[in-house]
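Report on one structure; see the data block that follows.
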Amino acid sequence: MALRDNELLPGTLDLLILQSVENGPAHGYAIMEAIWSRSGELFRVEEGALYPALHRLQLKGWLAAEWGASEANRKAKYYRLTPAGRRQLREERQRWSRLALGMSRILESS
Amino acid sequence: MIPSLLLRLRGLVHRRRLDADLEAELAHHLAMKERALSQEGLAPAAAASAGRRAFGNTALWQENIRDLWRFRYLESLWSDLAYALRLLRKDKGFTLVAIFTLALGVGANTAIFSLLNGLIWRPLPVDHPEQIIRLALTNLPPTYREWVNGRPVRPAERPTLSYPMYTALEKRQQVFAGMFAGAGGGLMQLDVNAISHRAYVTITTGSTFPVLGLRAQAGRLFGEADDVVGAPRSGWVAVISDRLWTKFFARSSAAIGAQITIERVPFTIVGVAPASFRGVSPGTETEVWVPLGAIQSIYPNSNWFTGRSTTFLQTMARLRDGVTVEQARRHLDSIAPAIFEEAKYPESRAQEQRSFLAMKFAAEPAAAGRSWVALSYGQSLRILLAAVATVLLIAVTNLTNLFLARSTARRFEIAVRISLGAPAARIRRQFLLESGILALAGTAAGALAANWLVSALQAAASRGESSIRIDTSLDWRMLAFLAGILLAVVLLAGLAPAWAAARVLPHTVLKAHSGGSRWLGFRRGLIVMQTAFSILLLGGAGLMFTSLRGLLSAPTGFLTENSVFVLPDLINAGIRREQLPGTYTRLLSATRQRPNIVAAAWSVMLPFSGGLITSTLRVKTRSDLSPDQRTLFLHQVSDGYFAAAGVPLLAGRDLPPAESRRRGVCLLSETAARRFFGSPQEAIGRQLGDKDELQVIGVVAEAKYQNVREPAPPTLYLPYWTRTVPPAGMNLVVRYRGPQEAVLSTLQSLFLKEAGRLPYMQIHTIRGAIEDSLGSERLLTWLLGGFAGFALLISVTGLAGLLSYMVEQRRKDLGIRLALGATPRRIRREVRVQGLSLAATGLACGIFLSYLLRRSLDAYLFGIAVTNPAIWLGGIAALLAAALAATAIPAARAARVDPLAMLRDQ
C-alpha cells in the first residue's frame, strides 16, 4: 500500500522534491510521478501537499520556476534547482542517511 | 531572506498574475492527469472527474499557496488598522485625553529641543562648517578684569581682537584658508524710502562671505574690494537678508541697487544673502550686513582702525584643507610674539608691554557658532529639557495606565477573539496599533504646538530691544528627535498593555468577570512615579517663583517710583556729533524748567541693561590694596543724577553743572569710599588716580548696576563731559510728578524743538530693566510652573482612575463586606487610605529624587535655599490635598456598592 505524504517524516517531502529535480527541470505532475515511480510506487504525494511545497521551496530560494512547453505542447511551469537548492539537497541527503543509519542500527540491534 | 522578501513583495503587487499562474499550473496538472487516466483506459469524462476528485479541496490549498506569496500580515494589518480606528473613534473621551496629554508632552519637548538645537548644536549653514574656528585672546595681562557675579574676575579669554592684531595675524598666518571678523551686531536705525525702521545690522569684514563660501541668491555678496578703511569712491555697499528682502522689497530685483541709510550713513544694496544664513551668532538674526570699513562712519567717536586698545573684532577663520585645530594652535603660538609686537601700544609702561607681549591666541572649533544668547539661555534650556522630559515621561506613563485600564476593560472581547483562534501576536499587534495611532496623532499635534510654543518662548526671552531669533527650522536632528519620541511613546505606552492583553486567559475571563489584576502592581508603580515627578516639578517651580519674587523686590539702591530713563536717538534725528555737548546742556535745562519734572540728569547707561565698564585705580595712600580691590565700576553722569535716580547723597556734594565743564572731580559709592578711605566723611576732598588727577567731592549710597542678585559694585561716578567726544547715546533720567504719559510728551516736544525731527525714543524704567534682565529666570519659572501644574493634573487623574479601577475589581468583596455589616464610612476610609498611601510613597521617592538633584537650580535661586522647608511642605500639602480630592469619587463609588444587586449578579 502507498504511503501518503502525511505519513512521511516532516521535511522528507522537501528532500524528495529537491531530489527529483536534481537531474534537470521538471513540472509538478512529472515530480509527482517521479516520486511515485522511483519509490517503487510506495510514496504517493498528493497535489494538495505538492504544490504548496513547491511554492514554499521557491520562496526559500531553493527552486526557481519558469514557464515552458511540456510533452503535449502545453504551457507548463518547470521547476529547477538553484545553487542554494543544490547545497540544501546535499545537506538534507547527508542528514537523512545519518538518520536512516542510526534508525536501522537501533531497530536491528533489538 | 531578502530574495524571499522580494518575491513576496512581487506576489503582493502582481496579485492577479499570481492567481492566473496558479490557475494555469493546475490546469496543466489536471490535463496531464486526465491523459494518464484515459491512457489507462478510463472514458474521458470519467477520467476528468476522477482527476478532479484526486485533487481534494482545491480551494483550500490554493488559498494556502496564495498565503505563501502574499503578506497575509499586511492584509490583516489593514483590517486591524481599520478596527483600531473604529474603536478610537467610538471611545472619543479616551482618545482625546490621550492625544491631548501626549501633544502637551511632545510639544514642550520638541519646542525646547528645537531651541537648543538652533542655539547650540546646529552647524552654521556654510561650506564645511567643521573647518571654521573662533579666535580669542588668552593668557591675558594680570591687570585685566571683567565684572562677573559682583566681583572683578580675571577672565581666561577675551573674545575680541583689535584691528592692528587682526591685520598682523592675517598677514603672518599660514594655516588658514581665510579669516574674517565682525564688530558684533545690533539694532540700528535703517531708513528705506525715507521711512525709519529698526533692523539688526552686522558690521563685518569683506572677507566674510568668501571665507564662509556663501553665494548670493540675488545680486552679489560684498567682498574684500568693497571693504576699505576710509570710504570707497563708489560709496558703501550692503547685503540684506532674505527676511528683509521679503519684508521691504517683496523679493523684487529692484532691491539690488536700492539706496538705504543706516545710522544716517548711505549704503547701496548689492545683493541678498542665502535664506538659510542668519549670521554667525546663533540666537540672533542679522538683517543687514555692511563692510567693516563703514564702522568709522557709523560710530565716528572711536579710533576703530588705529586704536590699539580698541579690541572689538570677533574673529573667525577657516582652516586650510588638512590642517587640524591642534596644528593651527601650535602655529598661532609660534607667531603670537611677532603679532603682539606689531600690535602693541608703544606708549605704555615696560611691565604692561611685557604682559601684553605674553598674550596668546586661543582657537576653538566654531562649527555651531557661539553667541551671547547661547551663553545666557543655554543652561536654562538644558534644565527645561530635563523638566519637559519628565513631563513627557509622566504623560506617557499616564497613557500606559489608560491603556492598561482599557485592555482590562476589553478582556471579554479579547477572550472571545482568542477562543475563536486569534493568535496572541495578533492581539498584541492590535494593541500596539492603537497606541501607535495615538502616538502618531499626539506627536503630530505636539509638533504643531511646539511651533507656537517656540515663538512664545522667544518673545518671552527677548530682553528689551534685543530680540532673540533662534533658527528652529526642521533639520535631521529635529526629525530624529521626533521619530525617537514617537518610538519611545509607542514602546512605553503600548508594550505593557499589549503584553497584558495577549496574556488574557479566555476560560477565566469567560467564566467569571474577574482576573486581570496581574498588572495592578505595575500600575501602582506608575502612579508612584508620576507623583514623584510631580512633587519634583512642583518644588522646583515653587523655588523659582519665590526666588523670582525676591529678585523683583530686592533693594536696588534706586527709588524706582516716578522715575523714567529716556534714550533719544538724537544723531538720527539730525543732531551732528559736534553739536552734542551744547544739545545735552540745553535739553537738560529746558527739561528742568517743566512743572511736572522734579529732577533730571544725563546718564551714559541704563542700570541692569549690561555693558559695565571697569577701571583699576591707584590710590597713593593705599598701596596695600590688590588690583582686584582697586577695581571700580565706572559710571558717567551729569549733575542731578542722584536726585533723579533716587540714590541718596551720604557726604559731600553733587557734581558741578555741565556748563562748568569742570573735570577732575568724582563721586564714590559707599563701599568704594570705605575701602579706600575708611568712611564716607573721610573720603571727601581726597585724591585718586595715577597722578592724583581725581578729587572725591561726594559719596553716595550703594546702587546695583549689573544684576539684582549681585552685591552693588563699588562705583566711581565721573562727569559725562570727561570724555573729549561726548557719548552719542545718553539716557535722560527724569523724576516726575503726575502721569508718565504727560512727561513723555513733554520730553518729545523738547527733543523735537532741539533736533527739528522727532527722534526714536527708548523708554525704560529701572523696574522694567530689572524684569528684562531676568528674562532667563522668568522663562524658567513660568515654564516650570506650567509643567508642574500639568504634571499634578495628570498624576491626580491617574490616581483617581486607578482607584476607580481597583474598586471596580473588588465590587464582589465590597458587596459581601457591606452585606456582612461593614459601614460605608469604613469602606470609604479604606479607599482613601489606599490612594493616600500611593501618593505618599510617590512623595517620598520624589523628595529623595529632588535631594539628588538639589544642585541643578543653584545658579537661579536668589534669597532661598533649595532645601527651603516651606516650599517643599507646601508642595507636599498641595499634592496630598489633590490626591485626597482624587480619592473622593472612587471612595464614594465603593461605599455605594449595593450588596443585593451584587449578589443577584453572581
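Lettering of chains follows the sequences in order, A, B, ..., and the numbering in each one begins at 1.
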| Proximity of residues 24-31 of chain A to chain B, residues having a non-hydrogen atom under 4.5 angstrom |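 Against chain B, the residues of residues 24-31 of chain A that fall inside the cut-off (heavy atoms, under 4.5 Å) are A/His27, A/Gly28, A/Tyr29.
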Atom pair [atom1]/[atom2] of [X] and [Y] - distance to nearest 0.5 Å:
{"X": "A/Trp67", "Y": "B/Asp21", "atom1": "CH2", "atom2": "CG", "answer": "5.0 Å"}
{"X": "B/Met32", "Y": "A/Met32", "atom1": "CE", "atom2": "CE", "answer": "10.0 Å"}
{"X": "A/Glu47", "Y": "B/Glu25", "atom1": "CD", "atom2": "CD", "answer": "11.5 Å"}

